[in-house]
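The structure appears right after this line, and notes come after that.
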Amino acid sequence: MEKKSTVFTATHGVMTAEVGVISGELELVTACGEDGILTLSITYNGAAEWYTLPGEEYRLHDVRDHEVVHEMLVRVLERP
């Protein structure tokens, strides 16, 4: 399973399934299995507790798209 991690600042906040909206300096980790299943986890930068982004199962048609999808998610989540 390939993992990608990026730290970014979300001034407007990001919705999580567990605690609602979090904002500030956050870290997004995406993991993609060989079957294309994509998991999305987010935390405050340096924190131990991780949260999930809401939604149903995410699946990539082509696992080679993982990096592009990860970067796209970061850009969308950090926009003002």
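From a predicted model like this one, the values you see are computed outputs, not experimental measurements. Along the sequence shown, the residues carry numbers beginning at 1.
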## Note on the structure
Between His12 and Val21 the two heavy atoms that sit nearest each other are O-CG1, 4.5 Å
### Task
Write down the atom of Phe8, the atom of Ile42, and the distance for their closest heavy-atom approach.
CZ-CD1, 3.9 Å
### Query
Can you check side chain to side chain contact (heavy atoms under 4.5 Å, CB included) on Leu38 and His70, steps first, answer last?
CA-CA 10 Å; Leu38 189 66; His70 176 89; over 6 Å; no
#### Entry: Closest heavy-atom pair and its distance - Pro54, Ala17
CD-N, 4.1 Å
### Query
Any side-chain heavy-atom pair from Val69 and Thr30 closer than 4.5 angstrom?
no
### Query
Does any N or O in the side chain of Arg59 come within less than 3.5 Å of the main-chain N or O of Asp35, such that one atom is a donor and the other an acceptor?
yes
### Query
Looking at Ala10 and Ser23, what are the two nearest heavy atoms and their distance?
O-CB, 3.2 Å
### Query
Does His66 use its side chain to pair, donor to acceptor, with the backbone of Gly36 at less than 3.5 Å?
no
### Task
Find out if a path of hydrophobic residues (ILVMFWY) with successive side-chain heavy-atom gaps under 4.5 Å connects Val68 to Val76.
no
### Residues that Glu67 engages under side-chain hydrogen bond (donor to acceptor under 3.5 Å, both in side chains), provided they are two or more places apart
none
### Message
Evaluate Trp50 against Val29 for side chain to side chain contact (heavy atoms under 4.5 Å, CB included), listing each step before the verdict.
### Response
CA-CA 10 Å; Trp50 287 86; Val29 170; 3.4 Å; yes
### Query
Is the backbone N or O of Gly46 less than 3.5 Å from a side-chain atom of Glu27, with the two atoms forming a donor-acceptor pair by type?
no
### Query
Any donor-acceptor pair under 3.5 Å linking the side chain of Thr43 with the backbone of Glu49?
yes
### Minimal non-hydrogen separation, Tyr58 against Leu53, with atom names
OH-O, 4.3 Å
### Task
Could you pull out the closest heavy-atom pair between Leu28 and Leu77, with the gap in Å?
CD2-CD1, 4.3 Å
### Task
Test Ile37 against Glu57 for side chain to side chain contact (heavy atoms under 4.5 Å, CB included), laying out the working first.
CA-CA 7 Å; Ile37 300 276; Glu57 180 179 271; 3.1 Å; yes
